[in-house]
Number of protein chains: 2
Amino acid sequence: MTKTTLKDIAKALNTTIATVSRALHDKPEISDSMKNRVKEVANLYSYKPNATALSLKFQKSYRIGVIFPKLSHYYVTQILSGMLIEAGKNGYKMLIAESNYNQFKELEYIKEFYELNVDAILILPSRKLSLVKDKLENLIRDDIPFLIIDRIIKFDQKTVPSIASDDYGGTTEGIKHLIDNGYKKIAHLRGEESSTLANVRYYAYRDCLLKNNMELNPDWVILCNKFNKAEGEALAIRLMSLENRPDAIFCISDVVAVGVLSGLKKAGIRVPEDVAVLGFSNSDLAEVCYPTLSSIHQPGVAIGKKSIRLLLSNINMKKNISRENIVMKTKVIVRESTSRIALSGTNSFRT
Amino acid sequence: MTKTTLKDIAKALNTTIATVSRALHDKPEISDSMKNRVKEVANLYSYKPNATALSLKFQKSYRIGVIFPKLSHYYVTQILSGMLIEAGKNGYKMLIAESNYNQFKELEYIKEFYELNVDAILILPSRKLSLVKDKLENLIRDDIPFLIIDRIIKFDQKTVPSIASDDYGGTTEGIKHLIDNGYKKIAHLRGEESSTLANVRYYAYRDCLLKNNMELNPDWVILCNKFNKAEGEALAIRLMSLENRPDAIFCISDVVAVGVLSGLKKAGIRVPEDVAVLGFSNSDLAEVCYPTLSSIHQPGVAIGKKSIRLLLSNINMKKNISRENIVMKTKVIVRESTSRIALSGTNSFRT
DNA sequence: ATGTTAACCGTAAACGTTTACGTAAAATAC
DNA sequence: GTATTTTACGTAAACGTTTACGGTTAACAT
């Protein structure tokens, strides 16, 4: 019941593995009669080439390694799904590793993947990874494509390509949407200042308010660090206890936004009539909470697909991919939480 | 900049790869001086054994393949995370494939994984897979451990081990909880009758009602087939339009339950005062919806870990694992949607 | 001085492929 | 009928390991 090899077929036909191999590959130097006999036996034994042997021979594993902080984040699963689709189309398999926001594990996994002869490495870095930037830089090899997703890390020596969603554009569009809907005092629950991602979103928020001559109140900008529902709830209540209350809250993530919704409800404040709430990422939560949450859609699946396409186009050239930072379009998905005028029908963006 | 091999080290030391290999493995037949010299050079060249070559040599890949229907389901990510933890501990990597509920893709992926020489295969089958039971049965080999997760498929010839959560027990506990809280007319939005999973939950629901002399009204048992929010919403409204209204709704999934919450709100019905809602799976949705949703927790992470442990314990024996069907404990997580008496504090089950 | 043993290392086969090179027989050329 | 080409296949090396087996030298025993 063991797997049949070229040797088995060769023995059965009293020939050599070279001939068998060539016959199966339809090489011209093999006679038709031999080809037929070989194929017949191969079929009979249901021969399948040994992938490991091929890997060794061609120094190519048809495997792509991807590292992410946490699998249970909707956005991560979307990106991975996109990768799986595109990788599958091209005969590649995905090896996965979860870092749990531990930068040392991230470095470990990168090393491991190199040792496992993956053909490319993708990483969705945690914020902390930039703390060991120098170590990371030393680790990255030039012979195997490496791609950083959704985060831009500036190295001293190397330029490593990256792909990310257009958070600045998306945020701008989102804030504009709030302004267009008549909200005048827009607050922002932002991420830590050490996070490029959080900064980009904050800058977009700030710039957009300035450009539109809106009030930019420092009391309305609060740092998150737990990014969970409880934090959103607490911060919403804090915002509502200000003398000069905001009438809209733009949140760094959907989970925080859901917390805000909950906090506002506890404070007896109506959404979207009194206060609008805008999330970020357009996760699956946005459609199930009450009221449904407007959010800035990050094209996870598209990013995943694009990532793999980028890598594959360069795997064969054995050099790292075009050193650009690719930016993918975002989009504001309007739902109930920001719509003073009732929405007609549901906005079912997701399929 | 190419990877260093045994050959490189051997050449540098004017010896042979055999000696180098043995020195690195601290074999007794190598002198200490040679060992030191070899290790020094190996270190200098930062030698790492080639995993592909080892795979070929030992006919072992240290890779485990897992197939699941959809990555973006919270429960799936939980199971996978558990697998990743346990696999990582043992030096195994996970290869993943998403079937999108397509049974032919599932069969395809199984074949592919066999060809890729994975050391074990895990599958979270879609309901449809049982439709091609015979093909599946023929595919499964005896020399590589195979494990079915969260679904029991009875084969004619083979007995394939499986692991699943105790849905019967969990449901029983859940219905009892409803009864204990004074709900007397319990409805059930169930899955299709072709689904073993849905049937188990229904049977538990039915048995528990009978055992407790509760009303078992056929009008209160409705089939779902879309399992999305809209369906839950519509069915809730339908239930509330009955003359003999239920006062509790047990749902096949959290998403459906969230839809029910929404439908009840639209119908102006209070939860949990008028009607209780109980979900299944205890997904991340349960904590963010309003009111928060009581749900039956399936131990995803534990199932993932246990699965890998089972497989690993049998990989070395090159035979399939103990042919039992392992059942993992479930648990009712009580939140607002079933608690007529206000909950004190939040029930933060998840870490 | 010879045999025995231990210490140490090299040779080569094996895992399953692909393919450059060599070679025998058959076919073609003149 | 000999030279040349073509056809068709075998040999062996290569990918990077591990390891059974063999061999050489030196130490030790008798």
Side-chain angles (χ1 to χ4, degrees), chain A residues 1-39 41-42 45-63 91 114-119 143-144 318, chain B residues 1-39 41-42 45-63 91 114-119 143-144 318:
Chain A
M1 194 49 176
T2 170
K3 284 207 71 176
T4 67
T5 69
L6 290 183
K7 203 194 279 184
D8 300 328
I9 302 177
K11 201 178 293 175
L13 289 169
N14 234 340
T15 176
T16 66
I17 55 171
T19 305
V20 175
S21 173
R22 284 190 274 240
L24 290 173
H25 287 263
D26 264 324
K27 299 280 165 124
E29 63 262 35
I30 302 295
S31 68
D32 288 346
S33 95
M34 180 60 104
K35 277 182 190 174
N36 289 332
R37 279 183 299 153
V38 166
K39 284 177 185 173
V41 176
Y45 289 3
S46 66
Y47 167 79
K48 290 280 150 50
N50 181 311
T52 308
L54 291 178
S55 279
L56 183 61
K57 179 71 189 169
F58 293 117
Q59 304 286 74
K60 204 162 176 262
S61 66
Y62 282 95
R63 263 170 268 138
Y114 276 126
E115 291 170 23
L116 288 171
N117 303 322
V118 296
D119 292 337
D143 55 339
I144 290 177
K318 282 275 179 196
Chain B
M1 194 49 176
T2 169
K3 285 206 70 175
T4 68
T5 69
L6 290 183
K7 202 194 280 184
D8 301 327
I9 302 177
K11 200 179 292 174
L13 289 169
N14 235 341
T15 177
T16 66
I17 56 171
T19 305
V20 174
S21 172
R22 283 190 273 238
L24 291 174
H25 286 262
D26 265 325
K27 298 278 165 124
E29 62 262 35
I30 302 296
S31 67
D32 287 346
S33 94
M34 179 60 102
K35 278 182 190 170
N36 289 333
R37 279 182 298 154
V38 167
K39 285 178 185 172
V41 177
Y45 290 1
S46 65
Y47 167 79
K48 290 282 151 50
N50 182 311
T52 309
L54 291 178
S55 280
L56 183 61
K57 181 70 188 171
F58 292 118
Q59 304 287 74
K60 201 158 178 267
S61 66
Y62 283 96
R63 264 170 268 139
Y114 276 126
E115 291 170 24
L116 288 172
N117 302 322
V118 295
D119 292 338
D143 55 339
I144 289 176
K318 282 274 178 195

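What's counted below: heavy atoms across the whole structure, side chains too, no hydrogens, waters or symmetry copies. In what follows, every chain begins at residue 1, and chains take the letters A, B, ... in the order their sequences are listed.
Comment: Asp26(A) engages Lys39(A) in a salt bridge, judged by a side-chain N to carboxylate O separation of less than 4.0 angstrom.
Within 4.0 Å of Leu54(A), counting heavy atoms only, lie sugar-phosphate atoms of the nucleic acid but no base atom. Residue contacts for Thr15(A): at a heavy-atom cut-off of 4.0 Å it reaches the sugar-phosphate backbone alone, with no base atom in range. Across all strands, Lys35(B) comes closer than 4.0 Å to no nucleic acid atom at all (heavy-atom distances).
Within the 4.0 Å cut-off from OP1 or OP2 of dC9(C), not a single side-chain nitrogen or oxygen of Thr19(B) is found. The phosphate of dC15(D) has OP1 or OP2 within less than 4.0 Å of a side-chain N or O from Lys7(B). Proximity of Gln59(A) to the phosphate of dA14(D): no side-chain N or O atom is located under 4.0 Å from OP1 or OP2. For dT17(D), the OP1/OP2 oxygens have no side-chain nitrogen or oxygen of Ser21(B) closer than 4.0 Å. Regarding contacts with the backbone of dT19(C), a side-chain N or O of Lys27(A) is found under 4.0 angstrom from either OP1 or OP2.
Distances from the side chain of Ala18(B) to the nucleotides dT17(C), dT19(C), dT11(C) place dT11(C) closest. Closest to the side chain of Ser31(A), out of dG10(C), dT17(C), dC9(D), is dC9(D). Each of dA14(C), dC9(C), dT19(C) was ranked by its minimum atom distance to the side chain of Ile30(B); first place goes to dC9(C).
Residue Leu6(A) is tested with Leu24(A), Thr19(A), Thr16(A) for a side-chain contact (heavy atoms from CB on, under 4.5 Å); the sole match is Leu24(A).
The nearest pair of heavy atoms linking Tyr62(A) to Gly91(A) is CD2-O, 3.7 Å.
Toward the 5' end of DNA chain C, the nearer of the two residues Thr16(B) and His25(A), judged by each one's closest nucleotide, is Thr16(B). With DNA chain C read from its 5' end, the first of the two nearest nucleotides for Leu56(A) and Glu29(B) is the one closest to Glu29(B).
Judged by distance alone, with hydrogens and angles left aside, the side-chain atoms of Lys35(B) form a donor-acceptor pair with the main-chain N or O of Lys27(B) at under 3.5 Å.
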